[in-house]
Amino acid sequence: MLSLCVSLDVTAIRRQFPALQKSEQFVYLDTAASAQKPETVLRAMDAFSRQQYANVHRGLYPHSDEATDRYELARESVRSFVNAQHRAEIIFTKGTTESLNLIARSWGHATLKKGDAVALTLLEHHSNIVPWLQLKEEKGIEVVWIGIDEQGHVDRKELSRILRKGNIRLLSMTGLSNVLGIRPPIADIIAEAHRSEALVAIDAAQLIGHHAVSVQELDCDFLAFSGHKVYGPTGIGALYAKRELLRSMPPFLGGGMMIREVRQDGFIAADAPQKFEAGTPPIIEAVGLTAALEWLGKIQWKDIEAHEAALMKTAYATLKTIPGVRILGPRRFEEACGCVSFVCESAHPHDLSELLGQEGFCLRAGHHCAQPLHEHLGIPASLRVSLALYNTEEEVRSLGPAIMRAVKTLIG
Amino acid sequence: MDLYAEHILEHHRHPRQKSPIANRTIEHTENNPACGDAITLELKIVKEMITDCGWGGSGCALSQAGISMLVEKLKQMPIEDAISLSPEDMRALLGVPLTTRRLQCAFLPLLTLRNVIRKWKGKPLQTWAELFEEDLA
């Protein structure tokens, strides 16, 4: 039984977010798109930019050394945050999208042949669909879809049947749906995929900010996430990959930093992680990410989970009282995490989002970069409430009357 | 003035000519990939003149009110006048302030009109990018 005993001091947490101190109403329910940043992240980036900034791995002068240390400290922060065994298993990227593309462009391009298949679930975000469809076009690989039930649970029988076919080389799936808020049992699924000799990549863009992630416990082969979904800056994310995979993967982008040696007729790539980090990396953002992970690390996961479960309970209760509203995804709030999406029979999501926005409620409307899922659900768009540790039950509760006011404006 | 001004809501609640027409000459569907809004416009064209029009579709209040307001103007309009309706004309027709995030909703009716006529003329269809560039000019 999930405990809803909340010991998180939300008032104190909110005080640490400058964006939440506006004088006008600002109810931010769009953290699934991007999280607001605590003061400590903004300060760390500002102070580093003003006092210690230089390029990394380049100059033989103290400032450059210091910048390099800070950049590599960020790698250690991420390693520790996802509980990877080795620091060199952490590649910095622009974000989840680039991380997933790196898997497809490097590992996928070098390894997959015509007849091989990559399996995806219907829950996936476009960033975990399009790179594989590109490989399908280029190399003739198969992209196989695993269905979901009406609440968003992955169809395990179909998954087992697909894995038994024997040509699935990779299962690439989300750890937490950015639309339905459903959390597939990835540990169990990874073990099953490995028994069929398929590798597993986890899109942890949503999962990373809501639950502890341990790549060693999960035993996933790849895991991707973005800094801005864990209260850090945009422009930086990470890819975790097992060391033995990184050894055989070819470089992703070519350029500075990723080489050991360049001659007129060829080059020798550096070892991981540099092999995958061509060009000047997001140095200031790495400093911000370190600050974000340190900040988040001071809060117990069990407290975050309990607070967000209480918010979800309120969100379900609030939405269920509104006539014409249909919640997509799990029937029970206990099964949803991070976000809940819904449609309202009398109002288009865009109109609701616009009218709610005029009152200071920030909700995302659209297909949330998950068109195959929306097509499966038989709707063009939905409205999403996403929750974070700085949201309050009062904020979520106040959404109910606001939605009813918006609907009244639209239908008269 | 608010985006959800009374005239927009009135057209949204009571859309005009939202039905197929008899003996249509041409029809065309455009959608807004960002939100799934779709409009199908049907025209009956006699001697370079729009003699009848109707439409179908689903979407937000702005796109649906916009096409409802547009079709009211189209009947008995020469084709050349219809194809020269500009983004500026569409803004004037809607008569409400448009934010960047709603431009595609606002211009979906115009893009559908442009492309149903282009299709009839056998010309390549206009893209969103071209329409937005015209709006900025």
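Lettering follows sequence order; numbering is per chain, from 1.
Taking B:Pro109 as the reference, B:Ile39, B:Ile67, B:Leu70, B:Met90 meet the side chain to side chain contact (heavy atoms under 4.5 Å, CB included) condition, with sequence neighbours excluded. With sequence neighbours excluded, the residues forming a ring pair (Phe, Tyr, Trp, His ring centres under 6.0 Å) with A:Tyr390 are A:Phe17, A:Tyr231, listed by chain and number.
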Quick one: donor-acceptor pairs under 3.5 angstrom, chain A versus chain B?
residue  : atom : partner  : partner atom : Å
A:His348 : NE2  : B:Asp37  : OD1          : 2.9
A:Asp351 : OD1  : B:Tyr4   : OH           : 2.7
A:Asp351 : OD1  : B:Ala61  : N            : 3.2
A:Asp351 : OD1  : B:Arg102 : NH2          : 3.2
A:Asp351 : OD2  : B:Ala61  : N            : 2.4
A:Glu354 : OE1  : B:Arg101 : NE           : 3.4
A:Glu354 : OE1  : B:Arg102 : NH1          : 2.8
A:Glu354 : OE2  : B:Arg101 : NH2          : 2.9
A:Gln358 : NE2  : B:Asp2   : OD1          : 3.3
A:His367 : NE2  : B:Pro33  : O            : 3.1
A:Thr409 : O    : B:Arg13  : NH2          : 2.6
A:Leu410 : O    : B:Arg13  : NE           : 3.0

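For A:Ile379, no part lies near chain B; criterion is any non-hydrogen pair under 4.5 Å. Looking at B:Leu62, the atoms closer than 4.5 Å to chain A (heavy atoms on both sides) all sit in the backbone: N, CA, C or O.
Contacts classified as salt bridge (charged side-chain N to carboxylate O under 4.0 Å, His left out) and involving residues 129-138 of chain A (residues at least two apart or in different chains) are given here: A:Arg105-A:Glu138.
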